[in-house]
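Below is one structure, written out as structure tokens; the observations come after it.
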Amino acid sequence: SVEFPQKIFELGKVTLPDETKETRTRDEDWLAAVTTHPQANFSEIKSVLDSFMANFGVEWQIKETLHPSFIEGRAGKVIVNGAEVGVVGEVNPVVLEARKLENPAAAFEVNFKKILDCKLK
């Protein structure tokens, strides 16, 4: 049997706590992507993110970080113009098991508005 790589992209609203608002929340647009197949890895999802940023005309970098959703040493903060705009990494096997996923996965999520704001500066 042949397994085909699966990539999923989603742009949507994320509701975050914000004590300055009457509702104590605010909505932001975030872009997320995940790839899952037997050879899914950090390099693959970084390449997808790099293609997005290049096509959007944004220079960016990764700063290594610890994040419970990702494997230690295979996760990074996404930085644009010195501002942290998201996270990228290889999904932790504990997360895969909890979600009953059989294949490795790698993912990113970025705050689209922050990227747009950085681009317009």
Side-chain angles (χ1 to χ4, degrees):
S1 87
V2 176
E3 293 210 26
F4 295 96
Q6 183 176 13
K7 292 184 181 87
I8 300 169
F9 296 87
E10 179 82 24
L11 176 63
K13 297 262 184 239
V14 174
T15 302
L16 300 170
D18 187 340
E19 295 298 321
T20 67
K21 304 291 183 186
E22 182 180 341
T23 62
R24 292 185 165 37
T25 64
R26 72 177 183 280
D27 291 336
E28 296 181 351
D29 291 316
W30 284 67
L31 174 68
V34 64
T35 182
T36 180
H37 57 88
Q39 288 78 40
N41 61 41
F42 183 85
S43 295
E44 178 183 12
I45 201 67
K46 179 184 174 285
S47 176
V48 172
L49 181 56
D50 191 46
S51 293
F52 166 74
M53 294 291 204
N55 282 306
F56 203 63
V58 174
E59 291 187 30
W60 69 290
Q61 59 186 348
I62 295 174
K63 181 178 178 186
E64 189 172 335
T65 192
L66 293 175
H67 190 288
S69 296
F70 299 112
I71 297 171
E72 186 174 337
R74 298 183 191 172
K77 296 176 184 177
V78 178
I79 310 293
V80 175
N81 290 346
E84 183 179 339
V85 299
V87 65
V88 59
E90 256 182 73
V91 178
N92 191 318
V94 173
V95 174
L96 297 175
E97 187 175 310
R99 301 285 184 221
K100 300 190 181 342
L101 298 173
E102 296 177 10
N103 286 315
F108 71 79
E109 66 175 0
V110 292
N111 183 316
F112 193 72
K113 182 178 181 328
K114 280 187 179 179
I115 293 171
L116 187 58
D117 289 347
C118 288
K119 181 176 171 59
L120 296 175
K121 286 184 182 177

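Each residue takes its place number in the sequence, starting with 1.
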TODO: Looking only at non-hydrogen atoms, find the nearest pair between Val34 and Ala105 and report the distance.
DONE: CG2-CB, 4.2 Å
TODO: Taking the side chain as every heavy atom from C-beta outward, state whether Leu16 and Val14 have any atom pair closer than 4.5 Å.
DONE: yes
Open item on the list: When you group the ILVMFWY residues by side-chain heavy-atom contacts below 4.5 Å and let the links chain together, are Phe52 and Trp30 in the same group?
Closed with: no
Task: Residue pair Thr15 / Asp27, side-chain donor-acceptor N/O under 3.5 Å - done: yes
Task: Whether Ser47 side chain and Ser43 backbone form a donor-acceptor pair below 3.5 Å - done: no
- [ ] With sequence neighbours excluded, tell me which residues meet side-chain hydrogen bond (donor to acceptor under 3.5 Å, both in side chains) with Ser69.
- [x] none
- [ ] Could you tell me the separation between the CZ atom of Phe70 and the CD1 atom of Ile45, rounded to the nearest 0.5 Å?
- [x] 9.0 Å
Task: Result of checking Leu49, Val85, Val110 against Leu31 for side-chain contact (heavy atoms from CB on, under 4.5 Å) - done: Val110
- [ ] Could you tell me whether Lys46 and Asp50 make a salt bridge, using a distance below 4.0 angstrom between a side-chain N and a carboxylate O?
- [x] no
Task: Side-chain heavy atoms of Glu109 within contact of Val87, under 4.5 Å - done: yes
- [ ] Can you measure from CD (Glu84) to CD1 (Ile79) and round to the nearest 0.5 angstrom?
- [x] 5.0 Å
TODO: Decide yes or no for Asn41 and Glu90: does some side-chain heavy atom of the first lie under 4.5 Å from some side-chain heavy atom of the second?
DONE: yes
Open item on the list: Donor-acceptor pair, distance only, cut-off 3.5 Å: does the side chain of Asn81 make one with the backbone of Cys118?
Closed with: yes
Open item on the list: Nearest 0.5 Å, please: how far is CD in Glu97 from CG in Asn92?
Closed with: 10.0 Å
TODO: Verify, without hydrogens or angle tests, whether Thr36 (side chain) and Pro104 (backbone) share a donor-acceptor contact under 3.5 angstrom.
DONE: yes
Task: Gap between atom CZ of Phe112 and atom CG of Leu11 - 0.5 Å precision - done: 6.0 Å
Open item on the list: Is it the case that the ring center of Phe108 lies less than 6.0 angstrom away from the ring center of Phe42?
Closed with: no
Task: Side-chain donor/acceptor of Arg26 to backbone N/O of Lys21, under 3.5 Å - done: no
Open item on the list: Distance check, rounded to the nearest 0.5 Å: His37 atom NE2 versus Glu44 atom CD?
Closed with: 3.5 Å
Open item on the list: So, using salt bridge (Lys or Arg N to Asp or Glu O under 4.0 Å) as the criterion, who are the partners of Glu19 when residues are at least two apart?
Closed with: Arg24
Task: Met53 CE to Ile115 CD1 distance, which is reported to the nearest 0.5 Å - done: 3.5 Å
- [ ] Can you see which heavy atom on Ile62 is nearest to which on Gly76, and at what distance?
- [x] CG2-CA, 3.6 Å
TODO: Let me see the working for Glu72 and Leu66 under side-chain contact (heavy atoms from CB on, under 4.5 Å), right down to the final yes or no.
DONE: CA-CA 6 Å; Glu72 186 174 337; Leu66 293 175; 3.4 Å; yes
- [ ] Without swapping roles, check the side chain of Lys77 against the backbone of Gly86 for a donor-acceptor pair under 3.5 Å.
- [x] no
Task: pair Val91-Leu101: side-chain heavy atoms closer than 4.5 Å - done: no
